[in-house]
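Working notes, structure below.
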Amino acid sequence: MNRRELFRNAAVAGAGMALPQFASATKSSPESLTRIKRAAAAGLAMQRRDWEQGTLAQAFLEAGDDETVVQLTKAAIVQRAPDGRLGVVDKGGPTDPAMGGEAYWHAAQVTGDSAIRDAVLGMLDFILHKAPRASDGTLYHIFEGPQVWSDGYFSAPCFLAAMGRYDEALFQIEGYRKRLWDPEKKLLSHIWDDGKPAENRKEFWGGGNGWAAAGLARVIRVLPASPKDDRQRLVAFATDLIDGCLAYQRPDGLFHDMVDRPETFLETNLAQMLAFAIYTGIEGGWLAQSYRAAADRMRTGARAQMDRFGYVQHVCGAPNFESSGTSTEAQAFAIMMESAGEKLGKKGNGS
C-alpha cells in the first residue's frame with residue numbers, strides 16, 4: 001500500500017468512527033448519520049475562533065457526542081484569556097466565547113474535572129461582572145464600541161440559562177429585543193450602536209435572525225415552567241421571529257442573505273438554524289406541528305447544498321461574512337439541524 005492510499009484509508013476509517021454516541025443514542029437514519037459525520041469532519045478541519053469553537057462544541061452536545069465535547073472544551077481552555085474567556089484566538093469578543101458555555105459546562109459535569117469546572121465558572125464571572133455593557137445592563141457584542149448584535153442571542157443568554165441564571169438570561173434577551181426588533185417585519189436588525197444610532201446596520205441579516213431563533217429555542221428548552229409568564233413571553237417572541245423569517249422562505253426551502261432582499265445571495269445557514277429552532281420547538285411542545293412542513297423544506301434544501309466533502313455551500317462565508325462561502329457555524333448547524341430532526345422523529349412526530 002502506498003502512502004497516499006494509507007492516508008485515504010485512514011480517513012475513511014476515521015469517518016466511520018465519528019459520533020458513535022449519537023448513533024447509538026438516537027438510532028438515527030443512515031442519511032442523517034452520514035451527513036452528520038461529513039459535516040463534523042469538515043467542521044473539525046476548519047480553523048476556529050472563539051464563537052466557532054463554541055458553536056461546534058454545542059453541535060456535538062446536541063448530537064450526544066460527549067467525547068468530542070470534552071476534547072473541544074479542553075482545546076478552548078488552552079486558549080483561555082486572562083479575563084476568563086475561553087477559546088480566544090487573536091483578541092476575541094466579549095460574549096462570543098459564551099456560545100460554547102453550555103457545552104463546556106456539560107464537559108465539566110461528565111468528567112468531574114475541577115480544572116474544566118473552574119475555567120467555565122471563570123468565563124461566567126467575566127460575563128456577569130467584567131464584560132462591557134450598556135447603562136441599562138445589556139451586554140455589548142464587541143470591545144471597540146457600544147454595539148448590540150443579533151448574533152448575541154446565541155451566546156450569553158444561552159450560557160446564562162444553562163448555568164441557572166434565568167433572570168439574567170431573560171434580561172439580556174429583552175435588552176437585545178428593544179434595540180433590534182422590528183415589530184412590523186417581525187425580524188431583527190443586525191446591529192444597534194448606542195453611541196451612533198444613525199450608523200446602525202438596520203438590515204435584516206439572515207444569519208443574525210437565525211442565531212436569534214436558535215438561541216431562543218435553547219433558552220426556552222431549559223427555562224423553568226414557573227414563572228409561566230416568562231416562558232409564554234419568550235415563546236411568543238420566538239414564534240413571531242420564526243413567522244417573520246418564514247414570510248421570505250424560497251420555494252426550495254432556503255433564504256437570502258438579507259432576508260427581505262432577494263437580490264442578495266442565496267443563504268443556506270438560516271434554513272439550518274431555523275429548522276433547528278422549529279424542530280426543537282415542536283419537540284418541546286411550544287411550537288405547533290404545522291411548522292414542521294416548512295422545517296422539512298429547509299432541511300431538504302440545506303442537504304442539497306452539502307458537497308461530497310461535507311462542506312455546506314452558499315452560506316454567509318468566513319472569514320469576513322460578506323459573501324457566499326463556507327463557515328464553521330454552517331457545519332455546526334448542519335449537525336444541529338439533523339440531530340434535532342432525528343430527535344423529533346424518534347418521538348413519533350415524523351420521520
Report summary line: Rounding to 0.5 Å, atoms CE (Met306) and OG1 (Thr268) come to a distance of 10.5 Å
Query raised in the report: Of all heavy-atom pairs between Ala57 and Tyr104, which one has the smallest distance, and what is that distance?
Result: CB-CE2, 4.0 Å
Requested in this report: Kindly say whether Thr280 contributes a backbone atom to a donor-acceptor pair with the side chain of Arg221 at under 3.5 angstrom?
Outcome: no
Query raised in the report: Are Asp230 and Arg233 within salt-bridge range, i.e. N to O under 4.0 Å?
Result: yes
**Report entry** Candidates Leu72, Val70, Ile36, Asp66 - the one meeting side-chain contact (heavy atoms from CB on, under 4.5 Å) with Phe60
**Finding:** Leu72
Requested in this report: Quick one: do Arg179 and Asp136 satisfy salt bridge (Lys or Arg N to Asp or Glu O under 4.0 Å)? Show the steps, please.
Outcome: CA-CA 12 Å; Arg179 288 169 169 84; Asp136 67 357; 3.2 Å; yes
Report task. Carefully, step by step, assess Glu329 and Thr55 under the rule side chain to side chain donor-acceptor pair (under 3.5 Å). Result -> CA-CA 6 Å; Glu329 51 254 48; Thr55 305; over 6 Å; no
Query raised in the report: Do Ile173 and Val148 share a hydrophobic cluster, counting only Ile, Leu, Val, Met, Phe, Trp and Tyr and linking them when any side-chain heavy atoms are less than 4.5 Å apart?
Result: yes
**Report entry** Arg218 NZ/CZ over Phe154 ring centroid, <6.0 Å and within 45° of normal
**Finding:** yes
Report task. Provide the closest heavy-atom pair for Leu241 versus Ala213 in the form atom of the first, atom of the second, distance. Result -> CD2-N, 3.5 Å
Query raised in the report: Does the ring of Tyr140 carry Arg133 above it, NZ/CZ under 6.0 angstrom from centre and within 45° of its axis?
Result: no
Requested in this report: Using atom types as modelled and distance alone, determine if a side-chain donor or acceptor of Glu203 lies under 3.5 Å from a backbone N or O of Trp205.
Outcome: no
**Report entry** Student check: side-chain heavy atoms of His106 and Glu102 closer than 4.5 Å
**Finding:** no
Report task. State yes or no: do Met273 and Val259 share one hydrophobic cluster built from I, L, V, M, F, W and Y residues joined by side-chain heavy-atom distances below 4.5 Å, directly or via other members? Result -> no
Query - side chain to side chain contact (heavy atoms under 4.5 Å, CB included) assessment of Met99 paired with Asp50 - result: CA-CA 8 Å; Met99 289 194 180; Asp50 45 11; over 6 Å; no
Query raised in the report: So, Arg250 side chain and Tyr248 main chain: donor-acceptor pair closer than 3.5 Å or not?
Result: no
Query raised in the report: Is there a donor-acceptor pair under 3.5 Å between the side chain of Thr68 and the backbone N or O of Asp65?
Result: no
Query raised in the report: Would Glu342 and Arg299 satisfy salt bridge (Lys or Arg N to Asp or Glu O under 4.0 Å), going step by step from the backbone distance to the final call?
Result: CA-CA 11 Å; Glu342 290 297 302; Arg299 190 179 184 185; 3.0 Å; yes
Query raised in the report: At what distance, to the nearest 0.5 angstrom, does OG1 of Thr326 lie from CG of Asp307?
Result: 9.0 Å
**Report entry** salt bridge (Lys or Arg N to Asp or Glu O under 4.0 Å) between Glu31 and Arg38, worked out
**Finding:** CA-CA 11 Å; Glu31 182 173 8; Arg38 288 176 177 170; over 6 Å; no
Query raised in the report: Is a donor on one side and an acceptor on the other found under 3.5 Å between the side chain of Arg297 and the backbone of Pro251?
Result: no
Requested in this report: Could you check if a side-chain atom of Arg85 sits within less than 4.5 angstrom of a side-chain atom of Asp96, using non-hydrogen atoms only?
Outcome: no
Report task. Let me see the working for Trp286 and Thr239 under side chain to side chain contact (heavy atoms under 4.5 Å, CB included), right down to the final yes or no. Result -> CA-CA 9 Å; Trp286 57 266; Thr239 304; 4.2 Å; yes
**Report entry** Lys/Arg-Asp/Glu bridge criterion (N-O < 4.0 Å) met for Asp296, Arg292
**Finding:** yes
Query raised in the report: Roughly how far, to the nearest 0.5 Å, is the CD1 atom of Ile278 from the CD atom of Glu283?
Result: 14.0 Å
Query raised in the report: Would you say Phe237 and Arg177 make side-chain contact, with heavy atoms under 4.5 Å?
Result: yes
Query raised in the report: Under 3.5 Å, is there a donor-acceptor pair between the Ser339 and Glu62 side chains?
Result: no
Report task. Could you go through the salt bridge (Lys or Arg N to Asp or Glu O under 4.0 Å) check for Lys74 and Asp113 one step at a time? Result -> CA-CA 10 Å; Lys74 286 180 173 289; Asp113 189 326; 3.5 Å; yes
Requested in this report: Determine, step by step, whether Leu188 and Asp182 satisfy the side chain to side chain contact (heavy atoms under 4.5 Å, CB included) criterion, reporting the C-alpha distance in whole Å, the side-chain angles of both residues, the deciding distance to 0.1 Å, and the verdict.
Outcome: CA-CA 6 Å; Leu188 292 157; Asp182 186 313; over 6 Å; no
Report summary line: Separation between CD1 (Ile242) and CG (Leu287), nearest 0.5 Å, reads 5.0 Å
Query raised in the report: So, Gln331 side chain and Val312 main chain: donor-acceptor pair closer than 3.5 Å or not?
Result: yes
Query raised in the report: Do Val110 and Leu121 belong to the same hydrophobic cluster, where Ile, Leu, Val, Met, Phe, Trp and Tyr are linked whenever their side-chain heavy atoms lie under 4.5 Å apart, directly or via other members?
Result: no
Requested in this report: Would you check, one step at a time, whether the test side chain to side chain donor-acceptor pair (under 3.5 Å) holds for Asn200 with His190?
Outcome: CA-CA 8 Å; Asn200 293 337; His190 185 206; over 6 Å; no
**Report entry** Positive for ring-ring contact (aromatic ring centres under 6.0 Å, His included) with His141, one of Trp149, Trp192, Trp51
**Finding:** Trp149
Query raised in the report: Are the side chain of Glu338 and the backbone of Thr34 linked by a donor-acceptor contact shorter than 3.5 Å?
Result: no
Query raised in the report: Is a side-chain N or O of Gln249 found less than 3.5 angstrom from the main chain of Ala294, in a donor-acceptor match?
Result: yes
Query raised in the report: Does the side chain of Asp194 come within less than 4.5 Å of Gln147's, by heavy atoms?
Result: no
Query raised in the report: How far does CE of Met298 sit from OH of Tyr291, to the nearest 0.5 angstrom?
Result: 10.5 Å
Query raised in the report: In this structure, are over 12 heavy atoms from other groups packed under 6.0 Å from Gln47 atom CD?
Result: no
Report task. State, to 0.1 Å, how close Ser150 and Asn209 come at their nearest heavy-atom pair, and which atoms those are. Result -> OG-N, 4.5 Å
Query raised in the report: side chain to side chain contact (heavy atoms under 4.5 Å, CB included) between Phe204 and Met258: does it pass, once the steps are laid out?
Result: CA-CA 5 Å; Phe204 303 116; Met258 302 301 165; over 6 Å; no
Query raised in the report: Strictly under 6.0 Å, is that where the ring centroids of Tyr176 and Tyr153 end up?
Result: yes
Query raised in the report: Would Tyr311 end up clustered with Ile335 when hydrophobic side chains under 4.5 Å apart are linked, directly or stepwise?
Result: no
Report task. Identify the two heavy atoms, one from Val88 and one from Ala81, that lie closest to each other, and give their separation to 0.1 Å. Result -> CG2-CB, 4.1 Å
Query raised in the report: So, for Arg80 and Ala119, which heavy atoms are closest and what is the spacing to 0.1 Å?
Result: NH1-CB, 3.4 Å
Query raised in the report: For the hydrophobic clusters of this structure (ILVMFWY residues joined by side-chain heavy atoms under 4.5 Å, transitively), does one cluster hold both Leu187 and Leu234?
Result: yes
Query raised in the report: So do Leu160 and Gln172 actually touch side chain to side chain, heavy atoms under 4.5 Å?
Result: yes
Query raised in the report: If you take all heavy atoms of Cys245 and Leu274, which pair is closest and at what distance?
Result: CB-CD2, 3.6 Å
Query - Output field: ring centroids Trp211/Phe333 closer than 6.0 Å - result: yes
Requested in this report: Determine, for Lys130 against Asp83, whether the closest basic-nitrogen to carboxylate-oxygen distance falls under 4.0 angstrom.
Outcome: no
Query raised in the report: Is Asp90 paired with Arg49 through a side-chain N to carboxylate O contact shorter than 4.0 Å?
Result: no
Query - Atom pair CZ/CG of Arg165 and Leu124 - distance to nearest 0.5 Å - result: 5.5 Å
